[in-house]
> 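This is the structure I have questions about; it appears just below.
When a ligand or atom number is given, it counts from 1 through the structure's own listing order. Basis for what follows: all heavy atoms, side chains included, without hydrogens, waters or symmetry-related copies.
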Amino acid sequence: PETITVQELANRMAARVPEVVKSLMKLGVMATATQTIDADTAELVVGEFGHKSKRVSEADIEIGLEGVQDRPEDLTPRPPVVTIMGHVDHGKTSLLDALRATNVAGGEAGGITQHIGAYQVTLESGAKMTFIDTPGHEAFTAMRARGASVTDIVVLVVAADDGVMPQTIEAIRHAKAANAPIIVAINKIDRPDANPTRVRTELLQYDIAVEEMGGETQDVEVSALKREGLDRLQEAILLQAELLDLKANTNRSAEGAVIEARLDRGRGPVATVLVQNGTLRQGDMVVAGTEQGRVRAMLDDQGKPVIAAGPSVPVEILGLSGVPSAGEAFVVVEDEGRAREIAEFRQRRQRDSSAAAGAAARGTLDQMLA
Ligand code: GTP
Ligand code: MG
């Protein structure tokens, strides 16, 4: 009855899953992200993270960070967030470019300069989808390690003339670990040596059975080069999104994840964030990892200033105190005092844990020398 998953607890505290797991271990509780813990244990963890918690009901606790609980009636559909993965040279970037060229919003089609590492495409039907410009497998892993699950759907690009290759297999593993459904895009079908059937057969070895093979994984033959099959790929994404029943509450303060961040010489720290719930507004006070600040300006994926961004919308934000790490959660808090308090708490904790890690490393070195 009175339970919460580790993932959800981490989300509500804008903390990383491994940190929550570690904190639980200290309490003698072994749990993974998807496992549930009881409310009493959750309260202890919340306390340890320096947050205030409140029993909202017998069955639930509220965490004094953002503390907004969404009621089912407040939830509305949100666009899917899609990550494109696959082996080197199988056409990930070409496919992203081709998909971006189908965007009917924003005017500029094709060959536009991409301003941020994520962008949203609006189809003629009005449907929207968000693409995370391939963060690379390492970045994907790092983000997952930080507890950020930003991807709803993975599009697995496999070149029809090359078939399943090592990084294809790695991508499959990542998608499965992240619990993200896969859509297979069999690319380069324009090539004379293309053999899509071979791709489908090879995928069976990795537990991916496409529809033609009697399974349930959607596959689409595409040519990023000739811009063929893109509409079918988009339909497949929308169908998958529908099955996932993706929803969010636009009428609350925002939370989400940092996709990438850098220090810009003129503008200071610049972070690309993905809003996962709520609406982020210019002037909001945010905490992202150990950094905080007021959103001074926001730019959309076309580099145009915006004053608000809803669920599944990627934006670039200016105004943070420093550069947060990719995959770190961000959350809007009520005021500057609270933002500083949380950021400083996290900085202290980070220093403590790196000091502890240093001590542990020295320990092993001592043992080696002994
Ligand atoms: P990395 O980022 O290096 O991993 O590669 P990638 O997966 O992003 O592949 P990219 O889009 O750079 O494409 C690799 C090569 O394949 C380029 O020379 C593309 O022109 C070519 N290519 C991509 N898609 C197609 C296609 O549909 N048909 C053909 N014939 N060539 C393609
Ligand atoms: Mg590429």
> Going by the side chain to side chain contact (heavy atoms under 4.5 Å, CB included) test, name the single residue among V184, L156, V154 that passes it with I172.
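That would be L156.
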> Looking at every heavy atom in both Q282 and V306, which two are closest together, and how far apart are they?
OE1-O, 4.0 Å
> Roughly how far apart are T76 OG1 and N251 CG, rounded to 0.5 Å?
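Reported to 0.5 Å precision, the distance equals 7.5 Å.
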> Would you say that M213 contacts D219 through its side chain, given a criterion of any heavy-atom pair below 4.5 Å between the two side chains?
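Sidechains of D219 and M213: no contact.
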> For ligand 1, which part of T93 has a heavy atom less than 4.0 Å away: the side chain, the backbone, both, or neither?
both
> For ligand 1, indicate whether the residue K188 contacts it via side chain, backbone, both or neither (heavy-atom separation under 4.0 Å).
both
> If you take all heavy atoms of H90 and V158, which pair is closest and at what distance?
ND1-CA, 3.7 Å
> Which is it for L225 and ligand 1 at heavy atoms under 4.0 Å: side chain, backbone, both or neither?
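Contact part for L225 vs ligand 1: both backbone and side chain.
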> Give the single entry among D89, V88, D190 that approaches atom 29 (C) of ligand 1 most closely by any heavy atom.
D190
> Tell me which one of N249, T130, D152 satisfies side chain to side chain donor-acceptor pair (under 3.5 Å) with R78.
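Running side chain to side chain donor-acceptor pair (under 3.5 Å) over N249, T130, D152 with R78 returns exactly one hit, D152.
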> Which of the numbered atoms in ligand 1 are under 4.0 angstrom from any heavy atom belonging to R191?
30 (N)
> Does ligand 1 come near enough to A224 that some N or O of the ligand is less than 3.5 Å from an N or O of the residue?
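For ligand 1, there is an N or O atom that lies under 3.5 Å from one belonging to A224.
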> Look only at interatomic distance and state if L95 has a nitrogen or oxygen under 3.5 Å from any nitrogen or oxygen of ligand 1.
no
> Any nitrogen or oxygen of V222 lying under 3.5 Å from a nitrogen or oxygen in ligand 1? Just yes or no.
no
> Among K92, H87, M85, R227, whose heavy atom sits nearest atom 6 (P) of ligand 1?
K92
> Using a 3.5 Å distance criterion without hydrogens, assess whether the side chain of R294 forms a donor-acceptor pair with backbone atoms of G283.
yes
> At less than 2.8 Å, would any N/O/S atom of S94, backbone or side chain, sit next to the Mg ion (ligand 2)?
no
> Atoms of ligand 1 less than 4.0 Å from S223 heavy atoms?
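Going through ligand 1 atom by atom, the ones under 4.0 Å from S223 are 27 (O).
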> Do the side chains of R281 and D284 get close enough for a salt bridge, i.e. N-O under 4.0 angstrom?
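Salt bridge flag = no for D284 with R281.
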